[in-house]
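Every heavy atom of this structure was used, including side-chain atoms; hydrogens, water molecules and symmetry mates were not. Model, not experiment: these values are computed from the prediction.
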Amino acid sequence: MRLDIRGTTLALLLLGANSCTDVLDVTPKDQFPEDQAVFADPNLAEAFLNDIYRGLGHGLYEIMLASLADETHFIHVYGTDKIVQAVITSSDRGALDDGRFAHFNWGPNYSRIRQTNIFLSHIDSTTFDPAWKQRMKGEAFFLRAYFYHNLMRMYGGVPLVTKVYGLNEDYTVARNSFKETVDFIVANADSAAALLPLSYSGVNVGRATKGAALALKARVLLYAASDLYNVNPCGQPETCYSSPQDRAALWRAAKNAAQAVTDLGIYSLFRPSPANAQEAAKNYGDLFLQTMSQEVILSRFFLSTRDDGYNPGLHNGPNGFHTWGGNTPIQNLIDDYRMVDGSPFNWSNPAHAAAPYANRDPRFYASIAYDGAPWRARPDDVKKLDPYGIIQTFRTLTTDSGVVAGLDTRDSPIENWNGGYSGYYIRKFIDPSVNAQFTKEQVPWIFFRYAEVLLNYAEASIELNELGDALSALNQIRRRAGMPDLAAGPNLKDEYRNERRIEMAFEEQRFFDVRRWMIAPQVLSKAAGGIVISLRGANRLDRSTWTNYRYQTDTVQQRAWSNKGCFKDVASDWSAVCMYFMPIPRDELNRNGLLKQNPGY
């Protein structure tokens, strides 16, 4: 976010330093000093609030959530294999216990929730400027709602804590039901929306707005209406509704919440009317390289001088450019990009199989770095092997003097340990004009954007059989993407789900979407695929001689899904994992005897 949170740590350190200079200091030892000092000064109070924003995290850490779904494969592993192969336990949660997923983890979220509770317990009694105070209070409501929404997405219903516990108090508390959790998040989002402005300027850009609060509400209500929480596969109120719900009413609430964002009248799609497919690809790619746009509802901004675990170009760029490979797109996603005429891609179609990267959805070219895609000039020590700066993920190039592999592969002469296995790299979020080997990008991470609101509205409309409304929203996104309009028909729900998959690729949506739609057993059990490309040419340097391309799909990683422990009526082995929800960490269960674990763990 653009607001500068660096001063927060300094302010709190100064508070601590001052408290230690007086030997007669009698600050109560069962309270934190911010209770007494921070809220006497509006600037310190705002610094305290700014620090809470850091708990939002972002989606561009070295490990991305996409690698725990059917979008990418994380080549450096870091425990991601345990999740995609369904072998996690409450004591070993694999990559989930990595600090880079703190924004989805139990302890870090509750630490931030405690901060919001401290803030909200003091702000009303301050004598600050009323408008400033109300705005900050709205931000705290939003932040608390956001942290709880991430807990809800991962775990279902969770303990709803609004009290600030003292250091010596008993803080054991049971989980609330899923319904209570949803209602609490919605109430906090509503409170935030009532207090927050529509927009900011200057250094305050990046704070929560009325639109951000309403977009959060719309997302949560969409989840609440979805199959997972209503079919109740886990048989307990902590994870799903414990009694039948009026599904139409749930979908209506979700649709109305999305409409409320639109009704603000300040958001629209970024560059919605491209002239051709090339412009559509550029527009979509540029959206994620902008500091701000009319599509963005809430973003996190980054400083080049601060380590926020953010360096997408270095983490995900091709190894032949001295970058780290990282989260590499898998064939499962690649094959779901439609042809530019809207028809599905099909390996059984000879024309598709002979040129699989031709005439695809323009968002493919903006999101995926594939063999033959333009990138940037190679580093000086690599230019002699590739003067063109074009991605090389082919496995074998048979030349007059022997066989060589592409520079961006595991068999590359350039840092092969950073080479991907799938034959693809992420292009979305990355500006190839930036030399990521030495320079960190500063493009924001988008938490909410208007395209998601339109997709949420469309999904609720489909479920309500209000297809005209659904198509009106969907086709706005399709036209911006340079794709033909969708039409009503028996496959509209599937087309919508594919549209959401492509439009929101790598944006921390798919991991949850496949679960709430309950299609995870089908899609997450499939092996992660890749591509094997072979060709002929006179030599590595003369691309004009390269011919006879052959493409063959390959398996990159075996994956698995477990329903065991999810369905009370059919499962007898409750010791096996239920992958719809993540396990509460064992340490948290040991600390709080009233916590009830999710089924199967």
Side-chain angles (χ1 to χ4, degrees), residues 64 66-67 70-75 277-278 280-282 284-285 288 312-313 315-321 323-340 344-347 349 351-376 378 386 388-397 405-412 414 418-432 436 481-482 501-502 505-506 528-535 537 540 543 546-556:
M64 295 171 65
S67 288
D70 59 337
E71 296 181 288
T72 60
H73 168 237
F74 185 64
I75 67 172
Q278 291 73 28
K282 183 179 187 306
Y284 183 77
F288 303 98
H315 294 159
N316 296 311
N319 60 298
F321 294 81
T323 44
W324 299 356
N327 304 273
T328 54
I330 58 177
Q331 198 68 43
N332 315 45
L333 171 63
I334 303 305
D335 290 350
D336 279 346
Y337 280 90
R338 301 291 196 239
M339 305 302 292
V340 74
F345 174 84
N346 189 343
W347 282 106
N349 182 318
H352 294 182
Y357 310 137
N359 302 314
R360 303 295 289 271
D361 182 323
R363 289 169 292 191
F364 171 80
Y365 305 103
S367 302
I368 308 297
Y370 56 94
D371 183 73
W375 198 244
R376 57 171 284 108
R378 294 277 179 179
D386 171 29
Y388 305 98
I390 294 175
I391 300 292
Q392 295 183 7
T393 60
F394 54 79
R395 295 278 186 89
T396 59
L397 168 62
L407 298 179
D408 306 304
T409 68
R410 300 295 292 189
D411 296 317
S412 170
I414 312 299
N418 281 330
Y421 297 87
S422 69
Y424 305 100
Y425 295 93
I426 287 181
R427 168 67 173 83
K428 191 174 181 177
F429 315 120
I430 298 175
D431 183 353
R501 173 162 169 69
I502 298 307
F506 318 133
I531 194 75
V532 176
I533 304 172
S534 59
L535 62 152
R540 184 193 288 278
R543 293 185 65 91
W546 295 3
T547 60
N548 296 331
Y549 280 82
R550 297 290 184 270
Y551 301 90
Q552 182 177 352
T553 56
D554 189 23
T555 294
V556 168

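Annotation: the span from Arg550 atom CZ to Phe394 atom CZ amounts to 15.5 Å, rounded to 0.5 Å. From Thr409, atom OG1 reaches atom CG of Asn418 across 12.0 Å, with rounding to the nearest 0.5 Å. Taking CD1 from Ile414 and CG from Asp408, the interatomic distance works out to 9.5 Å, rounded to the nearest 0.5 Å. Distance check, rounded to the nearest 0.5 Å: CZ of Arg378 to CD1 of Ile390 gives 9.0 Å. Taken to the nearest 0.5 Å, the CD atom of Gln331 stands 6.5 Å off from the OG1 atom of Thr553. For the atom pair CZ (Arg543) and CG (Leu397), the distance works out to 9.5 Å, reported to the nearest 0.5 Å.
Annotation: side chain of Trp347 is in contact with side chain of Asp335 (closest heavy-atom distance under 4.5 Å). Side-chain atoms of Pro329 and Glu71, non-hydrogen and from C-beta on, never get closer than 4.5 Å to each other. Here the side chains of Pro318 and Gln392 are not in contact, with every heavy-atom distance at 4.5 Å or above. Looking only at side-chain heavy atoms (C-beta outward), Arg427 and Tyr370 stay at 4.5 Å or farther from each other.
The six-membered or imidazole ring of Trp375 lies away from that of Tyr425, with a centre-to-centre distance of 6.0 Å or more.
When all heavy atoms are compared, the tightest approach of Asp70 to Arg501 is O-NH2, 3.0 Å. Contact between Asn327 and Ser67 at its shortest, heavy atoms only, is OD1-OG, 2.7 Å. Shown here for Ser367 and Phe506, the closest heavy-atom pair between the two residues is O-CE1, 3.8 Å. The two atoms that bring Pro362 and Ala481 nearest to each other are CG-O, 3.2 Å, heavy atoms only. A pairwise comparison of heavy atoms in Arg360 and Ile334 identifies NH2-O, 2.7 Å as the closest pair. Ile75 and Gly325 get closest at one heavy-atom pair: CD1-CA, 4.0 Å.
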(message) side chain to side chain contact (heavy atoms under 4.5 Å, CB included) for Arg410 and Tyr421? Distances and angles first, verdict last.
(response) CA-CA 7 Å; Arg410 300 295 292 189; Tyr421 297 87; 3.0 Å; yes

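In this pair, Phe288 and Phe429 present their aromatic rings perpendicular. The plane angle is above 60°, beyond the 30 to 60° band. Using bins of under 30°, 30° to 60° and over 60° for the plane-to-plane angle, the ring pair Phe364/Tyr357 lands in the parallel bin. In this pair, Trp324 and His315 present their aromatic rings tilted. The plane angle is within the 30 to 60° band.
If you run side-chain contact (heavy atoms from CB on, under 4.5 Å) between Leu407 and each of Ile391, Thr393, Asp386, only Asp386 comes through. Screening Ile531, Ile533, Leu535 against Asp371 for a side-chain contact (heavy atoms from CB on, under 4.5 Å) leaves a single residue, Ile533.
Looking at Arg395, its side chain never comes within 3.5 Å of a backbone N or O of Ser534 through a donor-acceptor pair. The backbone N or O of Val532 lies less than 3.5 Å from no partner atom in the side chain of Asp554, so there is not a single donor-acceptor pair. Listed for the Arg363 side chain is no donor-acceptor partner under 3.5 Å among the backbone atoms of Gly482.
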